[in-house]
Amino acid sequence: MKYRPEIDGLRALAVLPVIFFHANFNLFQGGFVGVDIFFVISGYLITRVIFSEILQSSFSITSFYERRARRILPALFTISIFTTFFSWHLLPPIEFKDYGQSLVSVSVFTSNFLFWLESGYFGAGTDLKPLIHTWSLGVEEQFYIFFPLLAVLIFAINKKFIFPVIFLLFFISLYLSHIYSSAANEIFIREAAFFLLPTRAWELLLGSILFLTYHNNLIVSNKRLNNFFSLLGLALISYSILFFSEHTPFPSLFSLVPTVGAALLIVFAVKGTFAYNFLILRPMIIVGLISYSAYLWHQPILALSRYYFVGELSPIKLLLLISLTLFLAYISWHFIEKPFRDKKIVSRKGVFIFSVIGSLLLGAIGLTIHLNNGFMERFNTDQIKLLNFHKYDQREELYRNRVCFLRNDQNEDEFKDICKSGPILIWGDSHAASLSYGMGELTNISQLTATGCPPVINHALEISGKNYCHSINQHITKFIADSQPRAVFISANWIMYKNNLFDTSLAHMLESISKNNPTIKFFVLGGLPQWQPSLPSNMLRANILLDGRETYLENQLHEKVRSKDKTIEEIVSQAQKENLKFISLLEMLCESGKCLSQTNYPQIEPIAFDYGHLTGSGSIKVSSLLFHSLNLEHNIFE
């Protein structure tokens with residue numbers, strides 16, 4: 001096969017945005033589309049190999065999988081072992097246990113299923129998952145289980161069917177990806193569309209279509225067309241990298257922007273064009289050659305560095321880590337990838353033996369880690385005491401679970417009378433429930449909270465998997481109108497609710513409820529400090545143990561929570577109601593980006609037991625600060 005250096009340049013154009021995206025550089029908010037570009041490239045090159053060999057009657061399934069093993073497994077196994085070594089030293093037990101599970105999935109190329117069932121690709125904490133990026137390898141290898149067999153079957157029946165069959169599969173997969181990525185679907189469905197083969201196959205099949213159009217001479221071009229369409233390809237890719245974000249439905253018809261851009265470059269970036277000259281620049285080709293290793297190295301390095309440094313990584317650190325990624329990628333490409341591709345160095349038998357042993361070894365290591373619960377014995381007694389807060393058993397009692405804190409299977413009729421007995425009401429989701437205990441210890445309160453249900457009323461606003469949110473919130477507003485409590489505290493994990501419809505609905509609800517109940521004081525509480533992956537884990541990494549001192553710890557999500565607080569505060573301000581006020585909890589709990597980590601009354605406990613839900617003592621501490629501030633200003637208890 002003739003070497004095409006511009007495709008290596010295109011690989012660089014795919015891998016660098018992914019790396020910068022995972023490094024959280026805002027300019028590359030759509031950098032995740034690099035994976036889609038890889039899919040198109042892979043589909044084109046693999047189809048070229050398979051179909052060319054079938055036409056020459058030289059195709060062998062065994063040889064095909066041998067080539068895949070040589071290409072994929074050596075670097076994957078090597079980097080996974082290195083990642084496991086450093087994870088042992090850096091990851092707390094819960095995260096290390098989950099890492100073991102991901103290692104098992106990597107060994108059998110099912111990472112896409114695992115991460116679909118966990119927190120998704122854009123969820124909180126994914127920055128700290130060392131192997132989250134291997135989902136794409138799962139999709140690709142699952143595709144290559146079926147695609148060669150399908151190709152052989154179709155050629156055996158009638159090779160004229162190959163074009164219409166691939167086109168049909170392409171459009172079916174694209175249709176499914178667009179339908180299931182719709183915001184109208186539950187998040188579980190949208191994440192399935194992101195991670196699973198049926199809604200991703202069309203991107204690889206687009207590469208197949210490119211080869212078929214080449215092979216059948218269906219593309220006619222000239223120098224002007226080559227320049228125009230190849231520049232258009234660069235523009236489409238650049239646009240998607242710069243302007244797509246986690247809010248863009250993906251994959252969907254939007255995915256055509258970067259994938260068609262990649263297709264245009266594969267077809268029209270020929271010698272003499274500006275795009276070709278750009279793609280064959282020496283730095284682009286070098287990065288393209290090491291792109292697979294760079295892709296494998298970058299996420300473990302970034303994720304584990306976030307554990308090591310505890311706080312948010314500075315731009316300088318990130319650039320140094322990216323440089324380290326590229327250096328290690330070159331080393332592994334030169335000393336691992338290249339030798340394993342050379343049949344003179346490693347025989348077919350050697351490749352298959354290595355593949356089987358490597359897969360079994362990774363799977364066994366991962367299973368051992370998972371079954372041993374992340375090896376808690378790595379830590380001393382004081383550290384284990386802190387980490388045990390991950391299993392905070394008091395949560396159900398403190399939050400009045402299934403009584404005043406409704407779960408997904410409950411509706412508003414299941415609120416008990418005890419939930420409506422106080423002159424002060426706390427209303428919201430689990431973050432409101434976590435405040436309720438401390439409030440209840442200080443005064444008599446009503447608590448009407450429900451998991452995942454923000455205090456918003458709008459039929460059109462879908463809260464994924466929360467069937468009763470709208471009716472629960474309608475019930476609460478009616479209770480407020482009927483009972484006229486002295487004050488209402490409105491609280492939620494605001495950063496979880498990201499779309500404009502939510503903000504509009506919140507603004508309408510706050511204006512309406514404060515206007516219709518002028519004698520009630522409404523306090524909209526800003527977000528609680530949040531931690532990745534959890535406050536106890538952050539304290540452990542910072543060597544802060546439970547000693548009763550009210551120490552402050554750098555908070556990675558401070559700016560994210562504060563930014564959303566500003567939006568909520570602006571909504572409250574625009575309502576212009578004297579009985580409606582915004583209160584920042586960050587201002588009470590944080591100083592210069594560092595937030596209170598533990599408290600000593602009535603017990604020595606961390607403020608939160610996970611990423612943001614308050615412990616009992618944490619709830620009392622926050623409630624005390626809140627009530628002290630408000631009692632001085634508003635006398636809400638009188």
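Residue numbers start at 1 and run along the sequence shown. Please read all numbers here as calculations on a predicted model, not as lab measurements.
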Do Leu528 and Ile607 have side chains that approach each other closer than 4.5 Å (heavy atoms only, starting at C-beta)? no
Report the relative orientation of the aromatic rings in Phe244 and Tyr239; use parallel for angles under 30°, tilted for 30 to 60°, perpendicular for over 60°. perpendicular
Is the NZ or CZ atom of Lys317 positioned over Phe309's six-membered ring, under 6.0 angstrom from the centre and within 45° of the axis? yes
The test is ring pair (Phe, Tyr, Trp, His ring centres under 6.0 Å); show your working for Phe32 and Phe250 and say whether it passes. CA-CA 10 Å; Phe32 56 88; Phe250 219 86; 5.2 Å; yes
Under a 3.5 Å cutoff, is there a donor and acceptor pairing between the side chains of Gln484 and Thr519? yes
If only side-chain N and O atoms count, and only distance matters, is there a donor-acceptor pair under 3.5 Å linking Ser597 with Thr551? yes
Check whether any side-chain N or O of Gln299 sits under 3.5 Å from a backbone N or O of Ile19 as a donor-acceptor pair, and report yes or no. no
Are the side chains of Phe21 and Gln29 in contact, using a 4.5 Å heavy-atom criterion? no
Under 3.5 Å, is there a donor-acceptor pair between the Lys97 and Asn373 side chains? yes
Filter on ring pair (Phe, Tyr, Trp, His ring centres under 6.0 Å), then keep only pairs touching residues 570-609, sequence neighbours left out; what's left? Tyr392-Phe609
Begin from the C-alpha positions of Glu559 and Arg562 and carry the test salt bridge (Lys or Arg N to Asp or Glu O under 4.0 Å) through to its verdict. CA-CA 5 Å; Glu559 285 305 309; Arg562 192 166 72 96; 2.9 Å; yes
Just to verify, what does Tyr611 make a ring pair (Phe, Tyr, Trp, His ring centres under 6.0 Å) with, not counting sequence neighbours? His431, His613
Contacts of Arg407 meeting side chain to side chain contact (heavy atoms under 4.5 Å, CB included) (sequence neighbours excluded), chain-then-number -> Asn401, Arg402, Phe405, Asp409, Gln410, Thr451
Would you find more than 12 non-hydrogen atoms of other residues, nucleotides or ligands less than 6.0 Å from His370 atom NE2? yes
Enclosure of Leu242 CG (heavy-atom neighbours >12, cutoff 6.0 Å): yes
Side chain Ser446, main chain Gly422, donor-acceptor under 3.5 Å: yes
Take Lys594 and Glu591, measure what salt bridge (Lys or Arg N to Asp or Glu O under 4.0 Å) needs, and give me the verdict at the end. CA-CA 5 Å; Lys594 295 183 177 182; Glu591 299 174 356; over 6 Å; no
Any chance CG of Asn543 has more than 12 other-residue heavy atoms, nucleotides or ligands included, within less than 6.0 Å? no
So, are Glu95 and Lys129 salt-bridged, with charged N and O less than 4.0 Å apart? no
Can you name the side chain to side chain contact (heavy atoms under 4.5 Å, CB included) partners of Ser624, sequence neighbours left out? Leu442, Ile620
Run the ring pair (Phe, Tyr, Trp, His ring centres under 6.0 Å) test against Tyr552 and tell me which residues pass, sequence neighbours left out. none
Among all residues two or more places apart in sequence or in another chain, which pass the ring pair (Phe, Tyr, Trp, His ring centres under 6.0 Å) test with Phe20? Phe25, Phe28
Counting only heavy atoms not in Glu550 (residues, nucleotides, ligands), do more than 12 fall under 6.0 Å from its CD? yes
Pair Lys391 + Asp610: basic N to acidic O under 4.0 Å: no
If you count heavy atoms of other groups shown closer than 6.0 angstrom to CG of Asp547, is the number above 12? yes
